Amino acid sequence: MTTKQTAFLKAMLEESTIKKAAEKAGISRDTAYKYLKNENFQAELNKRRSECVTDTVRFLQSKLSLCSETLVNIVENPETGAQIKINAINAIFANCKALLETTEILQKMAELEAEQENINEMLESVNR
């Protein structure tokens with residue numbers, strides 16, 4: 001990867017638009033789009049984006065207990081106004097719902113992956 005491609009890759013992770021990333025990397029929009037059409041560049045960009053998301057999720061997971069405790073403290077505080085308590089309760093319910101849905105999706109994915117593995121093994125045994 002060239003120096004300019006590396007600079008553009010970094011800018012793509014930091015900027016909100018391709019135009020801004022191109023400007024930050026010191027390349028034209030045409031060159032930016034040329035880079036984005038390159039399979040190797042696209043693969044590296046996707047890999048880096050995935051790493052950023054994974055790092056962010058890990059950080060947020062490490063703060064989940066603190067955030068939950070804070071919301072519960074808000075709800076339990078007798079000096080907290082009614083609307084603030086309602087907002088905190090809604091946040092707790094929304095987060096619980098999202099966590100439950102995510103857990104269910106991950107369980108279903110694991111089941112599907114195991115099923116796919118069984119199918120692949122059966123096909124391999126038939127093809128032997």
Side-chain angles (χ1 to χ4, degrees):
M1 192 171 292
T2 68
T3 304
K4 289 199 178 263
Q5 286 175 322
T6 302
F8 179 59
L9 180 72
K10 185 173 184 265
M12 281 293 294
L13 298 172
E14 296 170 350
E15 297 297 331
S16 60
T17 66
I18 295 169
K19 180 182 177 187
K20 288 180 183 177
E23 288 171 359
K24 187 171 188 173
I27 61 172
S28 69
R29 282 184 56 180
D30 288 342
T31 300
Y33 281 102
K34 180 180 146 195
Y35 290 167
L36 289 169
K37 288 179 185 175
N38 179 292
E39 287 182 22
N40 292 332
F41 182 88
Q42 194 60 243
E44 185 64 24
L45 179 60
N46 290 337
K47 177 183 164 214
R48 300 268 184 101
R49 282 180 172 159
S50 178
E51 289 169 355
C52 286
V53 169
T54 299
D55 291 346
T56 301
V57 168
R58 282 189 188 124
F59 172 77
L60 292 174
Q61 284 176 330
S62 74
K63 302 299 179 188
L64 191 56
S65 179
L66 173 64
C67 293
S68 296
E69 288 174 26
T70 301
L71 287 171
V72 169
N73 288 337
I74 289 169
V75 171
E76 291 177 343
N77 185 340
E79 296 179 15
T80 302
Q83 187 59 54
I84 293 172
K85 285 184 180 187
I86 290 169
N87 292 345
I89 290 167
N90 284 336
I92 291 169
F93 286 154
N95 289 331
C96 287
K97 181 181 181 242
L99 184 60
L100 178 62
E101 289 171 349
T102 301
T103 302
E104 289 172 351
I105 289 169
L106 291 173
Q107 287 173 344
K108 189 64 173 174
M109 282 178 56
E111 291 170 9
L112 291 171
E113 287 172 349
E115 191 174 322
Q116 182 64 47
E117 191 172 315
N118 289 337
I119 291 169
N120 290 343
E121 288 173 2
M122 288 175 30
L123 288 173
E124 285 178 16
S125 67
V126 168
N127 290 333
R128 289 182 196 165

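Only this structure's heavy atoms are used, side chains among them; waters, hydrogens and symmetry mates stay out. Computed from a predicted structure; not experimentally measured.
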Enquirer: Hey, mind stepping through I92 and V72 against side chain to side chain contact (heavy atoms under 4.5 Å, CB included) and telling me if it holds?
Expert: CA-CA 8 Å; I92 291 169; V72 169; 4.3 Å; yes
Enquirer: Quick one, T54 and S50 - any side-chain contact, counting heavy atoms below 4.5 Å?
Expert: yes
Enquirer: Would you say N73 and E69 are linked by a side-chain donor-acceptor pair, where the criterion is simply a distance under 3.5 Å?
Expert: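 Side-chain D/A pair, E69 to N73: absent.
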Enquirer: Hydrophobic side-chain clustering at under 4.5 Å (ILVMFWY, transitive links): who's grouped with I74? Put none if nobody.
Expert: I84
Enquirer: What is the distance from atom CD of E23 to atom CD of E15, rounded to the nearest 0.5 Å?
Expert: 8.5 Å
Enquirer: Do the non-hydrogen side-chain atoms of M12 and R49 ever get within less than 4.5 Å of each other?
Expert: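 Answer yes - side chains close enough.
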Enquirer: Suppose clustering is done on Ile, Leu, Val, Met, Phe, Trp and Tyr with side-chain heavy atoms closer than 4.5 Å. Which residues sit in the same group as L100?
Expert: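 L100 clusters with nothing; isolated.
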Enquirer: For the residue pair I18 and A32, what are the closest heavy atoms and their distance?
Expert: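 Scanning both residues, the minimum pair turns out to be CG2-CB, 4.0 Å.
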Enquirer: Which pair of non-hydrogen atoms, one from A7 and one from A25, has the smallest distance, and what is that distance?
Expert: C-CB, 3.8 Å
Enquirer: Report the distance from atom CE of M1 to atom CD of E44, rounding to the nearest 0.5 Å.
Expert: 5.0 Å
Enquirer: Mind checking side chain to side chain donor-acceptor pair (under 3.5 Å) for K85 and listing every partner two or more places apart, or none if nothing turns up?
Expert: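 Expected list: none.
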Enquirer: Spell out, as yes or no, whether a donor-acceptor pair under 3.5 Å connects the side chain of T70 to the backbone of L66.
Expert: yes
Enquirer: What distance do L45 atom CG and L13 atom CG have between them, rounded to the nearest 0.5 Å?
Expert: 6.0 Å
Enquirer: Verify side chain to side chain donor-acceptor pair (under 3.5 Å) between Q116 and N120, making sure each step is shown before the conclusion.
Expert: CA-CA 6 Å; Q116 182 64 47; N120 290 343; 3.0 Å; yes
Enquirer: Who clusters with L60? Use side-chain heavy atoms, under 4.5 angstrom, across I, L, V, M, F, W and Y, and order the result by chain and number.
Expert: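 Members alongside L60: F59.
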Enquirer: When the side chains of residues 36-43 are checked against the rest of the protein, which donor-acceptor pairs come out under 3.5 Å, sequence neighbours left out?
Expert:
residue	atom	partner	partner atom	Å
N38	OD1	N40	N	2.8
N38	OD1	F41	N	2.8
Q42	NE2	L36	O	2.8

Enquirer: Filter on salt bridge (charged side-chain N to carboxylate O under 4.0 Å, His left out), then keep only pairs touching residues 91-109, sequence neighbours left out; what's left?
Expert: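 Residue pairs passing salt bridge (charged side-chain N to carboxylate O under 4.0 Å, His left out), neighbours aside: K97-E101, K108-E111.
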